[in-house]
Structures are given as structure tokens and as C-alpha cells.
Amino acid sequence: MRELIVKFEVDKKVQAVLEKAVEFIHQLKIEETISAVVNKVKDADIPTKLVQVFQDAINYLKTTQVEDIIQQLNMHIETIVQKLRSLEYNDFVDHANQVIAEYTVYINELIGALEIPQKLEATRDFVNLVLSSFRGFMESLREIKVAEMIKSVKDVIDKFVLDIVKPLAEFIKEEITNLNVNAAITTYLDFVSKYYTRAITKVTELLTSMVEMIKNMAPEQKIINEIQQIVEGLIVELKKAELNILSFTLPLTDLVVPSVMLSMDKLGQFEIPTQLDIPEFTILGLYTIQATTISFEDIKQRIIELIEFIGNFEIKMIDVDAFFGDLTMNYLPSMPEMSFPEISLPEISFPTIPQVPVEKLVKSLQVPEITLPTIPTQIMVPCFGKLYGEIKFETPIYTVKTSAEFQNSTESEMTPQFTGFLTSLATSPSFEILNYKLDSTARLEIAEMSRVVLAETLKFSHVNLGVEHQASVTLYGQSAQVQGKTTIKVITTPYTADFMNTAFIAMEEGMSASVDTTYNHVVDLPIVRVRSEATVTQKAVARQVGYTLTLTVDNSGTGKINADDVNHKSNLQLTINPSTVTLTFSGDTDSTILKMKQQIMLNLAPFPSSSLMSAMRQRHQSSRTV
């Protein structure tokens, strides 16, 4: 790589580009430009002005009646109409031209202050330098002989093999030669036996102490002796436990691996055979492998021979000088000379609006009489009977009918009510999966002109999917109530599931909410031998009384994947008020591959003001000393 860098003078070209880049960065004056923009934004004080506008609007809405707002808006509309009628075109043109001239001068001064033309020129020089450097590199590359390039690549490969592959191969060969397979396996079995014995001892001590504690609490109970006998028998069986590895057939063959019985108390005495006798077997029912005997030493020798073959492998090259001769890499595309032209940024000027003599303006422009409507101070709702529409699409194999209806269903003068319906039905005599039915309703009711009720229902039926949804919102004075219920059912051969969610929210001198969710499914995939069953429930309750917010969440779930059971339970309790924050969380997960218990308790209290001031003074003194 060093020879290639020197040959192509890459270091000099990179150094020239980097020097130009540093000069380009200095010419851009990025820090000064950002500081200037930030100062202009700060001087504009936009956040304060926006906050003041919002505050004035909020104060105006708080202190003004709706009727007064509408009257004032009508007055503004009349004022706008009068100004439009009395508009003098030439005066407006003079004012607009004056504003355009001021902004033109401001923009040109801003361009000069930010040195935009100089920065554009510096950018052009930098880009031209990069393009010329890249073009010079491509021309140098085209002059290289193909034979030299191939030799360089071969040298790199040989260097890699000599410095990395061969030492690594020798290291692996030495490790495999010194490896004692029987000793390694025996060490592992001793390790397992040792920790199994420790585990049995711990279990024995735990059960014995538990029996002693029960005996001390109820010394005269007969069941104590029976429990003690059961515990002793359990400990004896655990010590004599045997691990039976069942026989199995290797995939894609008819080779049967025999079963093995391991005694946990004599695991360290297990004899490992020095060689394996493999009987005759067939692969895929086509290829027959003769019976053979394999020893660990044979396997080690084969691995060593493979490593020696890889380490001594050499690629024989032809005489590249004679084969390629003086052939160069001039077939690479040549890069044309490119350079960015000079960028000139003249002063910006905006055209002025021409004036028109009054006589011509009167003849050419006739301003019509302008009248804007007055905003009423009362709300008027149109009343009608019924609006209905229907769309029907019919073919020999598929029929779809969709209808929508909106009607005035008011029954009492003091209780206006409006109802909407949407129905869609699809049928197909040939394809059952295309059949569906959709029914949806919505109802708006103003009970006794004081209580607003909005309710809706939806029901969707399909051979594989069913959805039902109900929801309602009730508003009365300063109180509100929302409730909803959703049920979803999926029925397919590999996947069956039920989902139900119920939610309730109420607000009146506080807030209370609850959400109940239930989900269960059955997944059956016989092709991959997977069957899963799961049931999950969650209940969340939130209450806000005064300045105290309480949240409780309970989760529970059970499942089964093939023959493995999974159980989970968790509980979260959170209490927040201005003085304290309390959080309690507990979780318990039990499965074949994971057993986990979680317990979190958090209690936060406010930092005392005197301690806070003392800590701040100490920090200030420490900072000053440093």
C-alpha cells in the first residue's frame, strides 16, 4: 500500500485537498455566519411576541362575551368594506413601492454582511480543485500496466498468507495435536457432577430447615413425620437421578443413535469410548455408507491434514509480463476536464408597481359595490327529514350493495336527535371468502337541550373475521363520560384468536378511568410441528382526586408452546401528588427456558429548600476554588 501511495502521489494530492478544505472552511466563516443569524433571531424576539399575542387573545376571550365578539367582528367587517370603497390606488402604490425599496436595501445589506459572493467563489475554487485532483488520479491510473497491477495484488495476497494464515494454521494445528478429547470431556462431566451435587446439598438443607421449622411450630402433629419421610425420599431420589438420552434417527438418514443412560451421582465415572463403530446406513434412501470405525485420533489427523493443505496452498501464476506485455489500463474511461464557472451575485432589485393616472384608472377599473355578510349572534341548525343514497354493483359472480342514510329522528322538541346508518352487503355464489356484511350506526342527541350524547356502533361479519364495536360520549355541564367496547374474533385453520377491550373514562370534580383487555389465541402449524396457546388479560385503573393521581395495572398471562408451559403475572401501582411519588412493581415469569422475578419499589420526596441552598453554596465555593 505504501508503494502504491508513493507511486500515485496520493499523499500529495490528499494534502493539497485538505489544505484547500481548511482554507475553504476559513473563508466560509461558519461560526461568524451562525452568530449573525442567531443575533438577528434574538433581536427579533419572536417567542416573546408570539407569547404576548397568545396571552392577549386568551385574555380577550376570557373577558368578552361571545355576542360582543361577534358584534366587534361585524364592526371590523364594516370598517374593511369602507376602506376598500375609499381606497386610493396611487397612494397605495406609493406606499407599496416604499416598502419594496426598504426591503431591497435590507436584503442587499444582509448579503454583503454575510459575504455571500465571497463564499460562493470559495466554494467554486474548492470544487474545481477536487475535480482536477480526481481527474489527475484517473489519468495516472490509466497509465499503469496490467502486469504491475496483477503483481501488486499477488504480493498483497502472499503477504496476507505469510503473516496471518500460516501462523494461525500452525497455532490451530498445535492446539489440536495437544488436545486430549477424553480429558476435556471428563473435565466437563466432573464440572457438571460437582455443581449438581452442590445444588442437591442446597435443596436438602432448605427442605430440612423447612421441616424443622414446621416441627417447631406444630410438634404434636402426625403429618409432620409424613412430610419428613416424603422429603427424605425426595432427596434420596434426587441423589440417584438418572439422565436418559433417548435414541433418535439422524435427519435425512436411517442411522439410529442408541440411547444413553447417565447417573448424576456417578457422572465423573462415565467411560468415554476411544473409537466409534458406525454401522452401515443410507442417506436419502439413495446413497449407502459402509460400516466404519472412527477414533478421535483419526479425526484429529484429518483436521491437521486439512490445515496443512490450507497453509501450504499456493496459486501458480503465469508469466504476466509475457502474457500482458505493455498493456496498460487505458481502457478505463477518461474523465473530461470540468470546472464550475464563476458565480456572480449582483445586487437584488424588485420591480416597482407602476402608477396609473386617475382618469385612466376610473375608465379601466370599475370597483363593484362590496357587501360582506353579517355574522349572526345565534346558532341556527337546518332541519330536514331524511337523506338517503345507495350504490349497487351486480355481476353474475359477485354482488355488492352499499347504502347510507342520515335522518332527523327527533321525537321531542327539547331533545333534538339525528341518526346515521351505513350498510354494506357482499355476496358471491362461487367464492365464499368474498362474502361480508357491514352495519354501522351513529346517533347525536341533545337531551333537554343541556346534555349532549354521541353514540356509534359497528358490526362486521366475515367467514374468517368478526368485529363488533360500541362507543358513546356524554357531555353534561362540566362533567363528561366516555365508554367503549370492542370485540374481534379471527377464525382460520392455523390461527384462531379472540380480543376484547372495554374502556371507561369519567370526569367530574376529578377523573377516573379503567381499561380491561382480554386476548387469547390458538396457533396450530402441523407442517412445522408447532402448536401455541395463549391467554392474556390486563386491567388498568386510574383515579385523580384533588392533587393525587393513582394508577394500578394488573397483567396476567398463561401460554403453552407444544409441551412447554409459560406463566406471567405483574402488578404496577403508582401514586403521584405534589409532595411524593410512590412506585411499586412486581413481576413473576415462569417458563421452561426463563424464570424471572422482579420487584421494584420507588419513593421520591421533594428536596428540602435549606439543603438545596446549602448544596448550591458548596458547589459555588468548590467551583470558585477550582
Side-chain angles (χ1 to χ4, degrees), residues 40-107 110 348-387 406-408 410 412-418 420 442 444-454 473 475-480:
K40 289 186 178 296
V41 174
K42 288 183 178 179
D43 295 339
D45 200 11
I46 296 175
T48 304
K49 294 179 180 178
L50 290 176
V51 170
Q52 185 62 38
V53 171
F54 287 131
Q55 189 63 41
D56 294 341
I58 292 171
N59 295 335
Y60 175 74
L61 293 175
K62 286 182 178 179
T63 58
T64 309
Q65 297 294 330
V66 176
E67 186 174 355
D68 297 336
I69 294 174
I70 295 175
Q71 291 178 356
Q72 293 175 10
L73 185 57
N74 287 328
M75 293 175 58
H76 285 299
I77 292 174
E78 290 295 333
T79 304
I80 292 172
V81 172
Q82 293 176 5
K83 288 185 177 181
L84 289 174
R85 287 176 180 174
S86 61
L87 176 66
E88 291 292 339
Y89 176 77
N90 289 330
D91 294 341
F92 171 75
V93 168
D94 293 338
H95 178 70
N97 288 334
Q98 184 180 357
V99 173
I100 291 173
E102 292 177 357
Y103 275 98
T104 301
V105 173
Y106 174 74
I107 292 174
L110 185 63
I348 297 176
S349 61
F350 298 99
T352 58
I353 303 174
Q355 290 188 347
V356 179
V358 179
E359 296 80 8
K360 294 184 178 180
L361 181 64
V362 172
K363 293 180 181 179
S364 61
L365 181 61
Q366 296 292 334
V367 180
E369 186 72 17
I370 298 175
T371 303
L372 297 179
T374 306
I375 300 176
T377 58
Q378 295 181 349
I379 299 175
M380 303 181 65
V381 179
C383 210
F384 59 92
K386 180 179 178 181
L387 179 66
F406 184 70
Q407 67 178 12
N408 184 351
T410 302
S412 173
E413 182 179 355
M414 296 300 296
T415 307
Q417 180 174 315
F418 297 90
L444 174 62
E445 178 183 345
I446 307 177
E448 298 180 358
M449 301 299 291
S450 60
R451 184 190 302 271
V452 179
V453 178
L454 178 62
V473 179
L475 304 176
Y476 181 70
Q478 296 182 351
S479 63

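The analysis underlying the following values was restricted to heavy atoms, covering all of them including side chains, and did not include hydrogens, waters or symmetry mates. The structure presented is a predicted model; accordingly, all values stated were derived computationally and were not measured. Starting from 1, each residue takes its place in the sequence as its number.
Between atom NZ of residue K386 and atom CZ of residue F406 there is a gap of 13.0 Å, rounded to the nearest 0.5 Å. Distance CD1/I100 to NE2/H95: 10.5 Å, rounded to 0.5 Å. Note that CG of N59 and OG1 of T64 are 9.5 Å apart. Values are rounded to the nearest 0.5 Å. Taking CD1 from I58 and OG1 from T63, the interatomic distance works out to 11.5 Å, rounded to the nearest 0.5 Å. Between atom CD of residue E445 and atom OG1 of residue T415 there is a gap of 6.0 Å, rounded to the nearest 0.5 Å. In this structure, CD on E78 lies 11.0 Å from CG on L73, to the nearest 0.5 angstrom.
By the 6.0 Å contact criterion, OH on Y60 is enclosed, its count of non-hydrogen atoms from other residues, nucleotides or ligands being greater than 12.
V452 places a side-chain heavy atom less than 4.5 Å from the side chain of L444. You'll find the side chain of I446 stays beyond 4.5 Å of the side chain of V453, heavy atoms only.
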### Query
Hey, mind stepping through D68 and Q72 against side-chain hydrogen bond (donor to acceptor under 3.5 Å, both in side chains) and telling me if it holds?
CA-CA 6 Å; D68 297 336; Q72 293 175 10; over 6 Å; no
